[in-house]
Amino acid sequence: MRQLLEKCAATSLSSKLVAHQKDFFTKMVVDAVMLLDELLPLNMIGVKKVTGGGLEDSVLIAGVAFKKTFSYAGFEMQPKKYTKLKIALLNIELELKAERDNAEVRVDSVEEYQSIVDAEWKILYDKLDILHKSGAKVILSKLPIGDVATQYFADRDMFCAGRVVEEDLKRTMKACGGSIQTTVQNLSPDVLGSCETFEEIQIGGERYNLFTGCPQARTCTIILRGGAEQFIEETERSLHDAIMIVRRTMKNDAVVAGGGAIEMELSKHLRNLSRTIAGKEQLLMGAMAKALEIIPRQLCENAGFDATNILNKLRQRHAQGGIWYGVDVLNEDIADNFENCVWEPAVVKINAITAAAEASCLILSVDETVKNPKAQQDGPPGGGMGRGRGRPM
């Protein structure tokens with residue numbers, strides 16, 4: 001199964017900019033898809049791009065990695081590595097917020113005002129104290145974590161990151177377990193995530209937070225390295241294609257030979273079948289058979305081959321029973337593409353042919369053209385003077 005998936009991914013990457021590194025990326029793509037759960041959700045594969053380094057410096061992390069978030073003073077004192085830790089995932093703002101923004105407060109003395117300020121501090125410190133007592137070593141929040149909280153956690157040997165992107169937070173939850181909390185009350189052990197190792201490391205010019213050894217690693221992160229930004233973007237698009245092909249193959253494990261082989265075989269069958277029909281349908285089926293030959297013809301033209309010569313060879317070989325023979329782009333000839341591992345998921349071909357047939361039917365069903373007579377009128381000869389349609393100034 002794994003070899004089949006690797007061959008499908010390699011076929012997809014062969015025509016891309018990263019073709020020279022296809023062996024390296026093929027293994028990475030297959031590993032990434034196999035880490036997902038049975039539904040194979042695409043958003044559980046995170047792709048992070050870091051400029052600098054070579055393409056083969058790219059890594060696949062069986063867990064979550066995201067760029068270090070904005071942090072306040074005090075983060076330097078926080079440890080940058082933990083093992084066997086608990087993680088609290090929050091959707092709470094841990095900042096000192098003046099309640100006067102939310103409510104009108106009337107006071108008669110300075111002492112009363114002071115008691116309000118003290119209450120605001122107490123609310124924040126109570127939250128921080130609960131988080132500390134929960135046993136969590138890493139605090140991740142979708143909302144900001146302010147300087148007071150950062151300093152508080154640093155003093156207690158804890159790590160925190162605020163303003164974590166929601167997608168990254170959900171992926172962390174998927175990998176490490178636990179759940180995202182909207183309150184710090186009742187932080188029981190089952191709502192905390194856990195993982196073997198947390199580390200903050202330098203990748204290129206960026207700092208990255210890595211969670212590895214996750215118990216429920218149903219997600220992964222690909223960190224792409226490379227020179228120019230456009231090149232990394234192109235690499236990401238190439239990997240996306242390969243990932244989609246591997247996912248499709250895992251869901252529907254029927255494959256057919258590519259390179260125009262399946263189109264030539266279908267064309268042969270339709271042409272033979274059309275000759276057994278007496279009516280006008282014979283012409284329609286013959287036209288459909290001819291249309292399917294456009295795929296191998298286009299492949300030949302794209303590769304700079306003599307399309308007529310190659311197609312004649314293919315017709316002869318398919319007539320002799322060579323089902324999987326298609327265009328061999330590397331040797332300017334025809335070859336058994338199933339043996340050469342030029343494969344495509346059968347469901348992709350079925351969808352493409354179905355969509356093309358439906359589009360043809362739609363075009364044929366349009367038997368009248370709607371036209372707007374006013375738009376067809378010509379303006380006055382010579383264009384006239386003035387603005388627009390010859391209107392005077």
Side-chain angles (χ1 to χ4, degrees), residues 1-16 18-19 21-48 58-65 166-168 170-177 214-224 234-266 269 292 295 299 323-324 326 336-359:
M1 177 68 173
R2 186 185 170 84
Q3 284 179 333
L4 181 137
L5 294 174
E6 284 186 6
K7 284 170 182 172
C8 287
T11 304
S12 170
L13 291 171
S14 295
S15 59
K16 303 290 192 294
V18 291
Q21 285 86 10
K22 74 174 177 184
D23 292 342
F24 174 77
F25 282 117
T26 294
K27 290 184 177 64
M28 186 182 281
V29 164
V30 174
D31 286 340
V33 177
M34 291 184 95
L35 278 168
L36 303 180
D37 59 24
E38 60 276 2
L39 292 173
L40 306 176
L42 193 62
N43 61 348
M44 285 296 137
I45 300 178
V47 179
K48 306 294 176 188
S58 303
V59 287
L60 172 70
I61 291 156
V64 183
E166 186 177 9
E167 187 186 320
D168 291 331
K170 283 183 176 171
R171 284 180 37 244
T172 309
M173 181 180 76
K174 193 85 172 167
C176 303
C214 305
Q216 304 177 16
R218 290 280 175 265
T219 178
C220 58
T221 311
I222 297 172
I223 297 179
L224 289 179
E234 183 57 40
T235 306
E236 186 195 5
R237 281 191 287 274
S238 306
L239 290 190
H240 180 267
D241 285 358
I243 287 166
M244 295 304 282
I245 286 287
V246 173
R247 282 177 73 235
R248 177 64 70 198
T249 310
M250 282 182 80
K251 285 183 178 179
N252 306 276
D253 52 4
V255 291
V256 293
I262 197 73
E263 284 83 6
M264 287 304 295
E265 186 64 19
L266 287 171
H269 275 286
L292 283 164
I295 301 288
L299 285 171
I323 295 178
W324 302 121
D336 188 329
N337 279 348
F338 211 87
E339 271 186 29
N340 287 359
C341 303
V342 181
W343 297 346
E344 294 182 62
V347 71
V348 172
K349 285 289 170 204
I350 292 166
N351 289 345
I353 293 167
T354 308
E358 284 176 359

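Computed over heavy atoms, backbone and side chain alike; hydrogens, waters and symmetry mates excluded.
Using a 4.5 Å heavy-atom cutoff, the side chains of E236 and I222 are not in contact. Looking at heavy atoms from C-beta onward, M44 lies in side-chain contact with K174 at the 4.5 angstrom threshold. Between I350 and T354 the shortest side-chain heavy-atom distance falls below 4.5 Å. Looking only at side-chain heavy atoms (C-beta outward), E166 and K170 come within less than 4.5 Å of each other. A heavy-atom distance below 4.5 Å is found between the side chains of F24 and S58. Using a 4.5 Å cut-off on side-chain heavy atoms (C-beta onward), T219 and I45 make no contact. Put simply, the side chain of L40 reaches to within 4.5 Å of the side chain of M250, judged on heavy atoms.
With respect to the salt-bridge test (charged N to carboxylate O, under 4.0 angstrom), the residues R237 and E234 qualify. By the 4.0 Å N-to-carboxylate-O rule, E263 lies close enough to K349 to be salt-bridged with it.
In this structure, K16 contributes its side chain and S12 its backbone to a donor-acceptor pair below 3.5 Å. Between the side chain of S238 and the main chain of L13, no donor-acceptor pair closer than 3.5 Å is present. Put simply, the side chain of N337 never gets that close to the backbone of V342: no donor and acceptor are under 3.5 Å apart.
A side-chain contact (heavy atoms from CB on, under 4.5 Å) with T249 is found for one member of V33, V255, V347, V348 and no other, namely V255.
Dense packing is recorded around CZ of R247, with more than 12 heavy atoms of other residues, nucleotides or ligands lying under 6.0 Å away.
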